[in-house]
Protein chains: 2
Amino acid sequence: MNSAGRRYGRAYEILREAGLRPTRQRLGLARLLFENGDRHVTAEQLQAESTAADMRVSLATIYNTLNQFTQIGLLREVVVEPGRSYFDTNTADHHHFFHEETAKLQDIEGEAIVLGAVPEPPEGTSVERIDIIVRVKNAVN
Amino acid sequence: MNSAGRRYGRAYEILREAGLRPTRQRLGLARLLFENGDRHVTAEQLQAESTAADMRVSLATIYNTLNQFTQIGLLREVVVEPGRSYFDTNTADHHHFFHEETAKLQDIEGEAIVLGAVPEPPEGTSVERIDIIVRVKNAVN
DNA sequence: ACCTGTTTTAAAATCATTCTAAACTATTGA
DNA sequence: TCAATAGTTTAGAATGATTTTAAAACAGGT
C-alpha cells in the first residue's frame, strides 16, 4: 500500500478487491460515507458534504459512486419516496422508520421489528429481499 | 342523480362527497380503475388504457386525478422504484410482492404475511402506516 | 341561458438521474 | 521513470416522470 492507501484506510483495499480503482474521489466519498457511523444520504446531500470538505466532486461522479458502492455491497438503496433515492451505509439486515414530515430515515434496531409469517413467493420466483418501512409523523398531543 | 350518475354508479356520489366534481374524465378514470378488481397502475398505464377506451385524457389530468383519488382514500400509492409511482386500487391493509424483473406489483393476501413485533416509534412520533415489500425475482432452477 | 368557480389541457418548467464525449488519471510493463 | 492503455471524472446535454402555468372548457347553481 502506498501513502494514499494508508491515509484512506480500509476503503483502499475494498475498492481494489471490487475491481474499482481507488481514485481520489471514490476514496474521499468513502471517507465521508463510512467514517461517521450509520448514515442515510441522498446524492445531493453527499455532494453538499464533499463541497463542505473542500473536495470538488461532480454530481455525475456522486451518482456513479453511490451506484457502484451499492453494487459491491457497501451501500444499500432505500426507496421511500417517489423521485428521491436514499443510500444507507448500514448493509446489515434491518428495516426503517421514515419520518414523513422531515423526509428523514432512521434504522430500526435489530429485534425491534420481527416478521411472523413470511409469505410463499409466487410460483417460479424466489425472495430477494424484504423491505419494511414504518412511516411515522409527529404525534399530535 | 342524473343519467350520468346512473351510468357511472357509485363513483358519482363518492366524488361528490369528497368535494370533487364528478367530471367526465374523473368518472371515466374511476371506471377504468375500479371496475376490474384490484389493480396496480402507473400514470402512463392508465393513460394508455383511457386512450384504448376512446377517452382522451391529458397526462396532467391523469396525475391530478390519481393524486386526488389517493388523498380521498380511493387509492394508495406504493413506492418501490425510484422514479416511478404505482397506485393500488386495494386500500385495505395489505402488503406487496414486487417482481424486480418485470416491475410488476402483486398483493400479498391477508394473513400470508404477519408482523411479529412492531417497534415503538421514536419519541414524539406516531405510526402512520407500515409498508412491506417482498422483492422477488425469477428463481434459478 | 348566465355567472362563477372548477377543471382540463397543451405546453413549458422542474427535478432527480443518466448519458455523452472529451479531458484526465491510475496502473502496468518496458 | 515513462509511455501506453484502460478506467474515471467531468461539464453539459439528454431523459423521464411529474408538476406548474395560463388559457380555454365545463359543471353547478341561479
Side-chain angles (χ1 to χ4, degrees), chain A residues 1-8 11-30 32 40-48 50-51 55-72 75 77-87 103, chain B residues 1-5 7-8 11-30 40-48 50-51 55-72 75 77-87 103:
Chain A
M1 195 196 292
N2 58 24
S3 70
R6 233 170 282 115
R7 196 158 50 247
Y8 288 108
Y12 196 92
E13 283 106 51
I14 293 173
L15 291 178
R16 300 221 108 228
E17 278 156 30
L20 293 175
R21 287 189 181 167
T23 61
R24 207 177 334 99
Q25 21 283 59
R26 292 209 266 238
L27 290 167
L29 293 176
L32 290 175
H40 305 93
V41 289
T42 63
E44 302 268 344
Q45 280 166 21
L46 187 55
Q47 190 182 44
S50 61
T51 302
M55 314 172 39
R56 182 189 274 75
V57 185
S58 72
L59 242 198
T61 296
I62 302 262
Y63 276 107
N64 286 339
T65 303
L66 286 172
N67 288 328
Q68 290 155 350
F69 282 13
T70 301
Q71 273 184 33
I72 67 179
L75 293 175
E77 190 173 4
V78 185
V79 185
V80 273
E81 287 187 308
R84 178 131 68 298
S85 270
Y86 291 81
F87 294 86
Chain B
M1 194 199 289
N2 58 23
S3 72
R7 194 155 54 248
Y8 289 106
Y12 195 92
E13 283 106 53
I14 293 172
L15 291 180
R16 300 223 107 225
E17 276 155 31
L20 293 176
R21 287 189 181 167
T23 62
R24 210 181 327 101
Q25 21 285 51
R26 292 210 266 238
L27 290 167
L29 294 176
H40 305 94
V41 289
T42 64
E44 302 268 343
Q45 280 165 21
L46 186 54
Q47 191 182 45
S50 62
T51 302
M55 310 174 42
R56 182 192 271 77
V57 184
S58 73
L59 243 198
T61 297
I62 303 260
Y63 276 107
N64 286 339
T65 303
L66 287 172
N67 288 329
Q68 290 156 350
F69 282 14
T70 301
Q71 273 184 33
I72 67 178
L75 293 174
E77 190 172 5
V78 185
V79 185
V80 274
E81 288 186 307
R84 175 123 86 289
S85 269
Y86 291 80
F87 294 86

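Letters A, B, ... mirror the listed sequences (proteins, then strands); counts begin at 1. Every value quoted in this text rests on a predicted model; they were computed, and no experiment measured them.
Distance, B:Leu15 CG to D:dG28 P: 11 Å, rounded to whole Å. In this structure, A:Gln45 places its CD atom 16 Å from C1' of C:dT17, rounding to the nearest Å. Rounding to whole angstrom units, CG of residue B:Leu46 and P of C:dT8 are separated by 13 Å. Straight-line distance from the CD atom of B:Gln47 to the P atom of C:dT8: 14 Å, rounded to whole Å. Between the CD1 atom of A:Ile62 and the C1' atom of C:dC19 there is a distance of 17 Å, rounded to whole Å.
Taking every heavy atom of both residues into account, B:Ala43 and B:Leu66 meet most closely at CA-CD1, 3.8 Å. Nearest heavy atom pair, residue B:Ile62 against residue B:Ser50, reads CD1-OG, 4.2 Å.
Applying the side chain to side chain contact (heavy atoms under 4.5 Å, CB included) rule to A:Ser58 yields the partners A:Ala60, A:Thr61; only residues at least two apart in sequence or on another chain are considered. Taking the side chain to side chain contact (heavy atoms under 4.5 Å, CB included) definition, one finds that A:Ala30 meets it with A:Ala11, A:Phe34, A:Phe69, sequence neighbours left out. Under the side chain to side chain contact (heavy atoms under 4.5 Å, CB included) criterion, B:Glu81 pairs with B:Arg84, B:Tyr86, B:Phe98, B:Ala103, sequence neighbours left out. For B:Gln68, the side chain to side chain donor-acceptor pair (under 3.5 Å) criterion is met by B:Arg26, not counting sequence neighbours. Every residue two or more places apart in sequence or in another chain was checked for a side chain to side chain donor-acceptor pair (under 3.5 Å) with A:Glu44, and none qualifies. Residues satisfying the side chain to side chain contact (heavy atoms under 4.5 Å, CB included) criterion with B:Ser85, sequence neighbours excluded, are A:Pro82, B:Glu77, B:Phe87.
In the helix from C:dA1-D:dT30 to C:dA30-D:dT1, the end axes, each obtained as the rotation axis mapping the C1' atoms of four pairs onto the next four within a five-pair block, lie 20° apart to the nearest 10 degrees.
Here A:Leu32 contributes atom CG and A:Thr65 contributes atom OG1; the two are 11.0 Å apart, rounded to the nearest 0.5 Å. If you take CD1 on A:Ile14 and CD on A:Glu17, they are separated by 7.5 Å, rounding to the nearest 0.5 Å.
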Would you tabulate the pairs of protein nitrogen or oxygen atoms and nucleotide nitrogen or oxygen atoms of nucleotides 13-18 of chain D closer than 3.5 angstrom?
from	atom 1	to	atom 2	distance (Å)
D:dT18	OP1	B:Ser85	N	3.0
D:dT18	OP2	B:Tyr63	OH	2.2
D:dT18	O5'	B:Tyr63	OH	3.1

Would you list the protein and nucleotides 5-9 of chain D atom pairs, both N or O, that sit under 3.5 Å from each other?
from	atom 1	to	atom 2	distance (Å)
D:dG7	O4'	A:Arg21	NH1	3.3
D:dG7	O4'	A:Arg21	NH2	3.2
D:dT8	OP1	A:Arg21	N	3.1
D:dT8	OP1	A:Arg26	NH2	2.6
D:dT8	O5'	A:Arg26	NH2	2.6
D:dT9	OP1	A:Thr23	OG1	2.5
D:dT9	O3'	A:Gln25	NE2	2.6

Would you sort out whether A:Leu27 and A:Leu15 count as a side-chain contact (heavy atoms from CB on, under 4.5 Å), showing the intermediate values?
CA-CA 9 Å; A:Leu27 290 167; A:Leu15 291 178; 3.9 Å; yes

